[in-house]
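Order of the sequence lines fixes the chain letters, A, B, ..., with proteins taken first and strands second; residue numbering starts at 1 for each chain.
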Amino acid sequence: MRIATWNVNSIRARVDRVVDWLVREDIDVLAMQEIKCKPAQFPIEAFTAAGYEVEIHGLNQWNGVAIASRLPMSEVTHEFAGMPGFAKKAPVPLDPEAPGTDALGYPLEARALGATIDGLRLYSLYVPNGRGLDDPHWHYKLAWLEALRADTERWLSENPDLPLALMGDWNVAPFDGDMGDPSFSVGNSTHVSPEERAAFHAFEAAGLSDVVRPLVPEGYTFWDYTQLRFPRNEGMRIDFILASRAFADLVTDASIHRDERKGDGPSDHVPVVVDIQLEGEDDDMPMIFG
DNA sequence: ATGCCGCGGCTTCCGCGA
């Protein structure tokens, strides 16, 4: 079974590239971020024709997450408990009872989508960008990560053997080698501040691990469109698959599909893939006899 | 301090992204 995550930067602008890649790479499940549309605008027909069903969580032209799967999806959830919302200016009045708002009354954004597939609990996540170290959005980012970590800890305390994978655009470069964009300076920019890195590494204390890095130690997953960042390979590693022990034990391979940043009309992110071997699942490799 | 690119929309500029 091949599971992937990809920030597609508008599914309407990218649908042909995404579906071509799904088929070519024999992907079973794809967690997408930044679909940038509402469900009615999502080009679902192209996915259906290729044999995928799609769950979509999109509220407007910003953010938006989806999961495409060849296998049935169940227990589909939007958001997670305690997920904070955001607005540049506090809504007037702040009404926690209003639909689509958090406990303070701030509007929730479409940044998390969960589904159970073949016993695996999978999330497509789009962590807030942060914008700047003195920006309210940066505090929102930290609160959002902390709420997700608290939920993760609760899910795993209730079910320690849960095969859980949190997949997506984390907007954090956890190690110095993950940051190759010279416009970011470690300690003084978003994505590489001590606070963001601590918020990311707290998921390890909660029982998750990066299941791609041990198999793919090097490589970026994002390159800015401007300033020749891709040809100069000045990118960042910010897209991750963090998984519970039960999920990590199933992983047989992983890859970062750097070539998807090439050619006409690429996303600024590339897909990150894990291969897993489920109990009783036929190995995808052909058996060689004799 | 801004544009560089690319996206979407109450579109011909602006907000946002990382």
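If you take OH of A:Tyr140 and C1' of B:dG17, they are 14 Å apart, rounded to a whole angstrom. Rounded to an integer number of Å, the gap from A:Arg261 CZ to B:dC5 C1' is 9 Å. In this structure, A:His269 places its NE2 atom 13 Å from P of B:dC7, rounding to the nearest Å. The CD atom of A:Glu109 sits 8 Å away from the P atom of B:dG17 (whole-angstrom rounding). Look at CZ on A:Arg229: it is 18 Å from P on B:dG17, rounded to the nearest Å. Spacing between atom CG of A:Asp264 and atom P of B:dC7 amounts to 11 Å, rounded to whole angstrom units. We find that CD1 of A:Ile11 is positioned 11 Å from P of B:dG8, with the value rounded to whole Å. Rounded to an integer number of Å, the gap from CH2 of A:Trp223 to C1' of B:dG6 is 17 Å.
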List, one per line, each side-chain donor-acceptor pair under 3.5 Å for residues 90-104 of chain A, sequence neighbours excluded.
unit_1	atom_1	unit_2	atom_2	d
A:Asp95	OD1	A:Glu97	N	2.9
A:Thr101	OG1	A:Asp95	O	3.3
A:Thr101	OG1	A:Pro96	O	3.4
A:Thr101	OG1	A:Ala98	O	2.7
A:Asp102	OD1	A:Leu104	N	2.9
A:Asp102	OD1	A:Gly105	N	2.9
A:Asp102	OD1	A:Tyr106	N	2.9
A:Asp102	OD2	A:Gly85	N	2.8

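The existence of a salt bridge linking A:Arg2 and A:Asp28 is excluded, since no basic side-chain nitrogen approaches an acidic carboxylate oxygen closer than 4.0 Å. Salt-bridge check for A:Glu218 with A:Arg213: failed, with every basic side-chain N at 4.0 Å or more from each acidic carboxylate O. Salt-bridge formation is detected for the pair A:Asp176/A:Arg197: a Lys NZ or Arg NE/NH1/NH2 atom is positioned less than 4.0 Å from an Asp or Glu carboxylate oxygen. We find that A:Arg70 and A:Asp26 are joined by a salt bridge, their nearest charged nitrogen and carboxylate oxygen being less than 4.0 Å apart.
The six-membered or imidazole ring of A:Phe42 lies away from that of A:His57, with a centre-to-centre distance of 6.0 Å or more. Close placement of the A:Trp144 and A:Phe80 rings is indicated, their centers lying within 6.0 Å of each other. The aromatic ring centres of A:Trp170 and A:Phe203 sit less than 6.0 Å apart.
The gap from the P atom of B:dA1 to that of B:dT12 amounts to 28 Å, rounded to the nearest Å. When the P atom is compared between B:dG6 and B:dC10, the two are found 23 Å apart, to the nearest whole Å. Here the separation of B:dT11 from B:dC16, taken at their C1' atoms, is 15 Å to the nearest Å.
Taking only side-chain nitrogens and oxygens, A:Gln61 never comes nearer than 4.0 Å to OP1 or OP2 of B:dG6. Side-chain nitrogen and oxygen atoms of A:Arg14 include none within less than 4.0 Å of the OP1 or OP2 phosphate oxygen of B:dG8.
Between A:Gln41 and A:Glu34, the one whose closest nucleotide on DNA chain B sits nearer the 5' end is A:Gln41. Along DNA chain B, the nucleotide nearest A:Met236 and the nucleotide nearest A:Gly265 are compared for position; the residue whose nucleotide lies closer to the 5' end is A:Gly265.
Comparing atom distances between the A:Tyr126 side chain and each of B:dG8, B:dG17, B:dC5 picks out B:dG17 as nearest. Looking at the side chain of A:Ala13, the nearest of the listed nucleotides B:dG9, B:dG17, B:dC7 is B:dC7.
Both the sub-6.0 Å distance and the 45° axial angle are not jointly satisfied by A:Arg237 relative to the ring of A:Tyr220.
Across all strands, A:Phe184 comes closer than 4.0 Å to base atoms (heavy-atom distances). Within the 4.0 angstrom heavy-atom criterion, only backbone atoms of the sugar-phosphate kind lie near A:Ser10; the bases stay farther away. Among the protein residues, A:Asn171 comes within range of the sugar-phosphate backbone only, with heavy atoms under 4.0 Å from sugar or phosphate atoms but none that close to a base. When heavy atoms are screened at a 4.0 angstrom cut-off, A:Leu228 is found touching no nucleic acid atom at all. In this structure, A:Asn60 reaches neither bases nor backbone, as no heavy-atom distance under 4.0 Å exists between it and the strands shown. Using a 4.0 Å heavy-atom criterion, one finds that A:Glu234 contacts no nucleic acid atom at all.
A parallel orientation is assigned to the rings of A:Tyr140 and A:Phe86, their planes being inclined by less than 30° (bins at 30° and 60°).
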Set out, line by line, the N/O atom pairs under 3.5 Å between protein and nucleotides 12-16 of chain B.
unit_1	atom_1	unit_2	atom_2	d
B:dC16	OP2	A:Lys88	NZ	2.8

Q: Could you provide the dot-bracket string of DNA chain B, using ( ) for intrastrand pairs, [ ] for crossing pairs and | for bases paired to another strand, with Watson-Crick or G-U pairs below 3.5 Å?
A: ....(((((...))))).
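A donor and an acceptor atom, one from each side chain of A:Trp21 and A:His257, are located under 3.5 Å apart.
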